[in-house]
Amino acid sequence: MIFQDAHYVPALRYHWLTRFYDYVLALTVRELAFKSTLVSQAEITPNQQILDLGCGTATLTLLLKKQYPTTDVIGLDGEGQALVIAQAKAQKVQMELHFDKGLSFNLPYSSDSFNRVFSSLLFHHLTYENKEKTLREVYRVLKPNGMLHIADWGRPSNPVMRGLFLWVQLLDGFNTTSGNVQGKLPEMFVQADFNPVIEQRYFNTLFGTLRLYQITKPA
Ligand SMILES: C[S@@+](CC[C@H](N)C(=O)[O-])C[C@H]1O[C@@H](n2cnc3c(N)ncnc32)[C@H](O)[C@@H]1O
């Protein structure tokens, strides 16, 4: 009930579709390419504390731990079913990862806890207000000079990409996705006091243009 009140959208809109999530992503959005790029742009050093926000089935969480085994990586998601899949994937490759169930705009962590926060394909699930609240929470839990690395749907790079993005809007809803496609994310990052706000690169996919950002909590 709390989740419904908070306008919560599961991985593929309906809980029963979550079991197909990994297959859909692998086939449609150049998943390995954009997630590997997101990880490699993050300037991670040994023993850092890392949060994967809205980790879903943990493909990115596992990629982070595999590439940087000495870091502590936590995955947080609001959907129990996604976390069951995440846990099973981690056990299968014998990786020690911690998963928490929770909401991005009310994080169960102390202030200044993480060196890096990652967020892949989460922000288009959030209303404008919850995007703002989530950015405030991430700012709080990041250490000074910590970075938030985001991959999400952004301003389309051409009219074909705009047309393809309608499929995402029909599935996930216009309310949460319109700010993304209007290119509003970077100005929201600035309003939340992140500085600098850097757009790293974009990927055109079968569902529209994915944009990657690196944004920093100033010292
Ligand atoms: C499209 S999936 C992305 C999953 C994963 N990060 C990836 O890139 O494959 C979005 C995920 O965000 C989660 N989610 C949506 N709103 C959330 C919120 N407010 N707090 C935490 N998780 C949320 C959903 O349960 C879902 O697993």
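Values in this document were obtained by computation on a predicted structure and should not be read as measured data. Heavy atoms only: backbone and side chains are in, while hydrogens, waters and symmetry mates are out. Note that ligands are numbered from 1 as they come in the structure, with each ligand's atoms numbered from 1 the same way. Start at 1 with the first residue, then count along the sequence.
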Problem - Subset of ligand 1 atoms that lie under 4.0 Å from at least one heavy atom of Lys35 - result: 7 (C), 8 (O), 9 (O)
Handout entry: Options Leu121, Thr61, Leu38, ranked by nearest heavy atom to atom 10 (C) of ligand 1, top entry
Key = Leu121
Handout entry: Ring centre gap for Phe165 and Phe207 strictly below 6.0 Å
Key = no
Handout entry: Test side chain to side chain donor-acceptor pair (under 3.5 Å) applied to Arg116 - qualifying residues, sequence neighbours left out
Key = none
Exercise for the section: Please confirm whether Ser104 comes within less than 3.5 Å of ligand 1 when only nitrogen or oxygen atoms on both sides are compared. Expected result: yes
Exercise for the section: Would you kindly say whether Thr177 and Asp172 are connected by a side-chain donor-acceptor distance under 3.5 Å? Expected result: no
Fill in the blank from the handout: Restricting to heavy atoms, the pick from Gly75, Gly80, Cys55 nearest atom 5 (C) of ligand 1 would be Cys55
Practice task
Return yes or no for this condition: an N or O of Phe34 is under 3.5 Å from an N or O of ligand 1.
Solution key: no
Problem - Geometric N/O contact His124 with ligand 1, under 3.5 angstrom - result: no
Exercise for the section: May I ask you to check whether Leu76 has an N/O atom sitting below 3.5 Å from an N/O atom of ligand 1? Expected result: no
Exercise for the section: Work out whether the distance between some heavy atom of Ala58 and some atom of ligand 1 is less than 4.0 Å. Expected result: no
Completion exercise
The side chain to side chain donor-acceptor pair (under 3.5 Å) partners of Thr59 (sequence neighbours excluded) come to Lys89
Handout entry: Side chain, backbone, both or neither: the part of Leu126 lying under 4.0 Å from ligand 1 by heavy atom
Key = side chain
Handout entry: Gly102 neighbourhood, listing ligand 1 atoms whose heavy-atom distance to it stays under 4.0 Å
Key = 20 (N), 21 (C)
Problem - Over-ring placement of Arg211 relative to Tyr202, 6.0 Å and 45° cut-offs - result: yes
Problem - Minimum heavy-atom distance Arg155-Gly183, with the two atoms named - result: CB-CA, 4.0 Å
Handout entry: Element-labelled atoms of ligand 1 that are located less than 4.0 Å from some non-hydrogen atom of Gly56
Key = 4 (C), 27 (O)
Exercise for the section: Heavy atoms only: give me the nearest Phe194-Lys217 pair and the separation to one decimal. Expected result: CD2-N, 3.8 Å
Exercise for the section: May I ask whether Asp77 has any heavy atom positioned less than 4.0 angstrom from an atom of ligand 1? Expected result: yes
Problem - Pair Gln214, Gln200: side-chain N/O donor-acceptor within cut-off below 3.5 Å - result: yes
Exercise for the section: Compute the minimum heavy-atom distance from Phe105 to ligand 1 and say whether it is under 4.0 Å. Expected result: yes
Problem - Which atom of Thr134 lies closest to which atom of Ser104, heavy atoms considered - result: OG1-OG, 2.9 Å
